[in-house]
Every structure is written in structure tokens, then in C-alpha cells.
Amino acid sequence: MSKFGLIGKNISYSFSKAHFTAKFENEELPYTYQNFDIEDISKVPEILKQETDIVGLNVTIPYKEQIIPYIDSLHRTAEKIGAVNTIKFYPSGKTKGFNTDYYGFTKSIEPFLKSHHKKALILGTGGASKAIAYALKKLKIRFEYVSRSPNPKAAYVYADLTEDIINAHQVIINCTPIGTHPKVNECPDIPYDGITKTHLLFDLIYNPTQTKFLMCGEIQGAAICNGSKMLEYQAEKAWEIWTK
Ligand SMILES: NC(=O)c1ccc[n+]([C@@H]2O[C@H](COP(=O)([O-])OP(=O)(O)OC[C@H]3O[C@@H](n4cnc5c(N)ncnc54)[C@H](OP(=O)(O)O)[C@@H]3O)[C@@H](O)[C@H]2O)c1
């Protein structure tokens with residue numbers, strides 16, 4: 001039986017397994033979906049050797065970048081982004097890496113974008129932020145990174161942020177895990193008073209559905225969007241890649 005799965009760490013509550021298992025049941029497809037919860041990326045060759053019937057894999061935190069050396073080739077978008085969240089296995093045994101986070105984010109933010117949304121702040125500089133930066137470039141939205149510590153990539157650390165800087169960036173995207181269940185009372189440390197009703201706040205987090213970050217934006221009158229649709233769109237795209 002053909003097998004799909006997810007490579008990650010501490011993934012017992014992952015969206016992907018529940019999503020694809022339900023899909024296979026509803027559509028009466030003869031497939032299974034398994035979590036490969038590994039302590040270290042070096043375990044990957046072992047999995048690939050043992051699991052000869054794998055057709056497709058999702059990849060999640062913290063391996064989206066570390067997985068690259070284990071894949072035979074990369075789709076050009078994944079190569080440009082520098083992160084892979086979907087692997088396709090060909091009958092020849094060769095593997096190819098794709099990034100569907102880029103697609104999921106673009107498709108979910110597009111309905112919210114207005115003509116004045118020209119500059120963005122990306123909070124966090126981790127794996128997910130790379131796909132977001134690539135998507136913003138394609139959408140012709142200029143952006144700056146905000147990080148906890150000074151680094152060449154980030155224009156700002158959180159302490160630099162003023163209400164004026166917030167005001168000058170009408171799109172703010174949370175690419176950090178701050179506010180994820182169970183730590184729902186936490187949020188990125190930005191001056192929320194600078195947010196106006198013309199801002200758009202996007203949170204990649206989907207659990208809880210409304211993070212404190214989004215609540216603080218909504219109080220200021222901003223448009224808000226969580227990561228649920230992004231998650232569904234990236235999964236849909238992965239399915240399309242595996243089955244086409
Ligand atoms: N909805 C979706 O489809 C989707 C897809 C991908 C990811 N996600 C979510 O997006 C979030 C980020 O994913 P990721 O893979 O990029 O995660 P990550 O690598 O663990 O963290 C991202 C960045 O967040 C910052 N950060 C981490 N811990 C922090 C803390 N305690 N306080 C402040 N900043 C902190 C760090 O940037 P600095 O060191 O620069 O501060 C880090 O590089 C996760 O919550 C993930 O679940 C959602």
C-alpha cells in the first residue's frame with residue numbers, strides 16, 4: 001500500500017496526519033499517512049531505507065532546511081527559498097523537494113491585500129519566514145525582518161520598534177511561535193498602539209485560531225488572518241504535487 005508521511009520533531013499533534021487520514025477515509029483511497037517523529041535529521045536515511053513504499057512526505061519544524069542534503073533535486077522555488085516542506089518520490093527511487101508554504105501563504109493573504117499594503121514587517125527569521133519573504137517579493141511588497149538579536153538579515157530588533165515604524169509598515173506577519181497553545185497569553189513585543197484600521201496582521205499560528213497578536217491588532221481595528229487557510233492550501237498543493 002502506498003504510504004505518505006510527515007518528518008518532524010514532537011509532531012504527535014500535527015495537522016497533516018489528521019488531514020490526510022481523514023481525506024483517505026472520506027475519499028476511500030488505499031493509502032496510509034504516518035508520522036516520522038525523529039530526534040535528529042541523521043535518522044532520515046534509515047527511514048528511506050526501511051520505508052520502500054513511500055510516495056510523498058511532508059517536512060516540518062525543525063527540518064525544512066536540514067532535509068535538503070538528503071533530497072536528490074529541488075524544484076526551483078524551493079531552491080530559491082532554501083527550505084523544503086514537501087518531498088515527492090518518483091518510481092525511479094529519486095526524490096524532489098518542493099516548498100508549498102509559499103503557495104499556501106500567498107493564496108491565504110491575497111484576499112486581504114489592499115493597494116496601500118506596500119511595506120511589511122516579518123517577525124522572526126526562522127525557516128517559515130523564508131517562504132514568507134519569497135512570497136512578499138513576488139507580491140511586490142517590500143519587507144524588513146525583526147529579530148530578537150542583531151543580525152545581518154534583520155533591520156530591527158524588537159526594542160527598536162516605535163509606533164512610527166509600525167505605522168510605516170501596514171502589513172505585519174508573525175513568523176515566530178509566540179502565542180502558540182498552550183502559551184496563549186504571549187505575543188510578540190511590538191508597540192501595538194501604532195497599529196491602525198488600515199493595517200493587516202497575519203499570524204502563521206493556527207492554534208489558537210485567534211492569537212493574542214491578532215487580538216491586539218483587532219482591538220486597533222486592523223484586518224487579521226490566522227494560519228489555518230495557509231495550512232490547508234499548502235497541504236492541498238502537496239497532494240497535487242504527489243498525485244500529478
Ligand atoms: N500555517 C502554516 O501553514 C504554517 C507553516 C509553517 C510554519 N507555521 C508556524 O510558523 C511559526 C514559525 O515557524 P518556523 O518553522 O519558522 O519556527 P522556528 O524556526 O522555531 O522559529 C521562527 C523564529 O521565531 C523567532 N522566535 C523563536 N522563539 C521565539 C521567542 N520565544 N520569542 C521571540 N521570537 C522567537 C526566531 O527568530 P529570531 O531568532 O530572529 O528572533 C526564530 O527563528 C510556527 O509557529 C509554525 O507552527 C505555520
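Read the numbers this way: they start at 1 and go in the same order the structure lists the ligands and their atoms. This chain uses plain numbering: 1 for the first residue, then up along the sequence.
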Side-chain touch [X]/[Y], heavy atoms, less than 4.5 angstrom:
X      : Y      : answer
Asn58  : Thr86  : yes
Tyr158 : Leu123 : yes
Lys119 : Gln170 : no

Q) Which residues satisfy the salt bridge (charged side-chain N to carboxylate O under 4.0 Å, His left out) test with Glu28, sequence neighbours excluded? A) none
Q) salt bridge (charged side-chain N to carboxylate O under 4.0 Å, His left out) with Lys237: which residues, sequence neighbours excluded? A) Glu240
Q) Got the residues with a heavy atom under 4.0 Å of ligand 1, by chain and number? A)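 Heavy-atom contacts below 4.0 Å: Ile61, Lys64, Asp101, Gly124, Thr125, Gly126, Gly127, Ala128, Ser147, Arg148, Cys175, Thr176, Pro177, Ile178, Leu204, Ile205, Tyr206, Gly227, Met230, Leu231.
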Q) Got a sec, which pairs hit ring pair (Phe, Tyr, Trp, His ring centres under 6.0 Å) with one end in residues 191-212, sequence neighbours left out? A) Phe105-Phe202
